[in-house]
Trainee: 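Right, I'll just put the structure down here and ask away after.
Every number for a ligand or one of its atoms is a count from 1 in the order of the listing.
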Amino acid sequence: MGAEPYYGPDFGMLESRDPEIAQILIDELDRVRGGIQLIASENFTSPAVLAALGSTLTNKYAEGYPGKRYYGGCEVVDRAERLAVERACGLFGAEHANVQPHSGASANLAAYAALLQPGDTMLAMALPHGGHLTHGSKVNFSGRWFDVVSYGVRRDTELIDYDEVRDLALRHQPKLIVCGATAYPRLIDYTAFRGIADEVGAWLLADAAHPIGLMAGGAIPSAVPYADVVTFTTHKALRGPRGGAILCTRELAGKIDRAVFPFVQGGPLMHVVAAKAVAFREAASPDFADYARRVIANAQALAEALAVEGMRAVSGGTDTHLALIDLRGAGVTGAEAERRCAEAGITLNRNAVPYDPEPPAITSGIRVGTPCVTTQGMGPQEVKEIGVLVTRAVRHPGSAAEIRERVAALLAIHRPYLSEY
Ligand SMILES: *Cc1c(COP(=O)(O)O)cnc(C)c1O
């Protein structure tokens, strides 16, 4: 196999023109290739996505939408955005897509702007129970500008408490209900959320930033038939460029488009829009459907391997690409576990578990995800070994060097960004 790493399009030229930045690209790829990446929100894009990102489309100002731009010379980039929109609608069976949001947070900001006025009430998942900062945290615009009511998971099942969601909705009459999370390992019951939203006359927004790739591959049920608006990121399990997007009903298309531009953003990043189109095309392939299924099988194998070693998965397992591991039985904080794993060559993040007694900077849990290792071609066998390595790293900080060797052996076979990748 070719041992040369793939540093991205035209890397040789960057090296000759700006060796300092070129060196950073080399070091970062070395870092990524030198460890196991279990961060649930990361992935490795294809070289085709990288090529679109590293293209001259970055130069073009294209405020507005295809055919209705505020700049001349947009007829070529219009084709890229039309393709991205068509492909997103086709991939997800959506009536309308906006592919301009710069990130998942910008997509949520625009979606809220389309549906709410400052001071309106929205109901969303609490951050310490797996929700996202943009779902009403006080340190985020969402918590500052809206009257946010939060629901969580039950203490006994660690699953979303749909009775609580309904009670809160009836009591507070929110204008918007948000479902979706950043650290919730289970499927979300969109039918239940739709029913509750209809009962109180609220809009339903599904923030599918994390599982959208699994939905694209048909590995889990899609939120699109149930939600009025679906926001998502393109860089997580979907494996596209860093960015956001919004799907919505035909009814809301104009509102969503006006909220993205001119309300929230200026000119779109046309190179990123083109790279999103590439990613949507890749995600429509049978290979990607197979990938999405393997991501989940790997996450389940990883959660089981950790459970065998006494590290309990919150809610008892996972239906998705991620698992949340409760370390309270292991006598280690999330922050310390994150540090010990890093030392052993395994990158993951600390994460609050439901009803966590520790503060957010410490936490009692870690979050693990399998989009990266699955892209690298690892299967349940390798992932089970990773589970053993994670437990050993957490429990026996003295064995970091020995674990690193086993990590290196796994990576010798499954390395991202080989020259022929
Ligand atoms: C990752 C994430 C976002 C934000 O995405 P960014 O691109 O980092 O802004 C929003 N919502 C949820 C649920 C997420 O997991």
Trainee: Any atoms of ligand 1 less than 4.0 Å from a non-hydrogen atom of A181? List them with their elements.
Mentor: 13 (C)
Trainee: Identify the closest protein heavy atom to atom 8 (O) of ligand 1: which residue and atom is it, and at what distance?
Mentor: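 Minimum-distance protein heavy atom for atom 8 (O) of ligand 1 reads H235 NE2, 4.5 Å.
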Trainee: To the nearest 0.1 Å, how far is atom 7 (O) of ligand 1 from its closest protein heavy atom, and which atom is that?
Mentor: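 Protein heavy atom at minimum distance: G104 N, 2.9 Å.
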Trainee: Only heavy atoms of T233, strictly under 4.0 Å: list the atoms of ligand 1 that pass.
Mentor: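 Checking each atom against T233, I get 5 (O), 7 (O).
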Trainee: Examine the proximity of ligand 1 to A209 and report which part, side chain or backbone, both or neither, has a heavy atom under 4.0 Å away.
Mentor: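 The answer is the side chain of A209.
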Trainee: Could you check whether R194 makes a cation-pi contact with Y226, meaning its NZ or CZ is under 6.0 Å from the centre of the six-membered ring and within 45° of the ring axis?
Mentor: no
Trainee: Got the closest protein heavy atom to atom 3 (C) of ligand 1, with its distance?
Mentor: H132 NE2, 3.2 Å
Trainee: Show which atoms of ligand 1 fall inside a sub-4.0 Å distance from at least one heavy-atom site of A105.
Mentor: 4 (C), 5 (O), 6 (P), 9 (O)
Trainee: Compute the shortest N/O to N/O distance between H135 and ligand 1 and return yes if it is under 3.5 Å, no if not.
Mentor: no
Trainee: Quick one: which ligand 1 atoms are inside 4.0 Å of a heavy atom on K236?
Mentor: 1 (C), 2 (C), 3 (C), 14 (C), 15 (O)
Trainee: Students should be able to answer this: which protein heavy-atom is nearest to atom 11 (N) of ligand 1, and at what distance?
Mentor: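 For this ligand atom, the closest protein heavy atom is D207 OD2, 2.6 Å.
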Trainee: Hey, does the side chain of T370 reach the backbone of T374 with a donor-acceptor pair shorter than 3.5 angstrom?
Mentor: no
Trainee: I need the single residue from N108, T231, T182, N140 that forms a side chain to side chain donor-acceptor pair (under 3.5 Å) with T134. Which is it?
Mentor: N108
Trainee: Just jot down the ligand 1 atoms closer than 4.0 angstrom to any heavy atom of S103, in number order.
Mentor: 7 (O), 9 (O)
Trainee: What residues, two or more places apart in sequence or in another chain, satisfy side-chain hydrogen bond (donor to acceptor under 3.5 Å, both in side chains) together with R350?
Mentor: E338
Trainee: Test the R239-Y291 pair against the cation-pi criterion, namely NZ or CZ under 6.0 angstrom from the six-membered ring centroid and within 45° of the ring axis.
Mentor: yes
Trainee: What orientation do Y70 and F261 show, parallel under 30°, tilted 30 to 60°, or perpendicular over 60°?
Mentor: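 Tilted: the ring planes of Y70 and F261 meet at 30° to 60°.
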Trainee: Which heavy-atom pair separates R154 from T157 by the least distance, and what is that distance?
Mentor: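 Answer, listing the atom of R154 first, then T157: CB-OG1, 3.3 Å.
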Trainee: Which ligand 1 atoms are under 4.0 Å away from a heavy-atom of H210?
Mentor: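 Answer for ligand 1: 15 (O).
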Trainee: Hey, can you tell me if Y151 and F193 have their rings parallel, tilted or perpendicular (30° and 60° cut-offs)?
Mentor: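 Tilted: the ring planes of Y151 and F193 meet at 30° to 60°.
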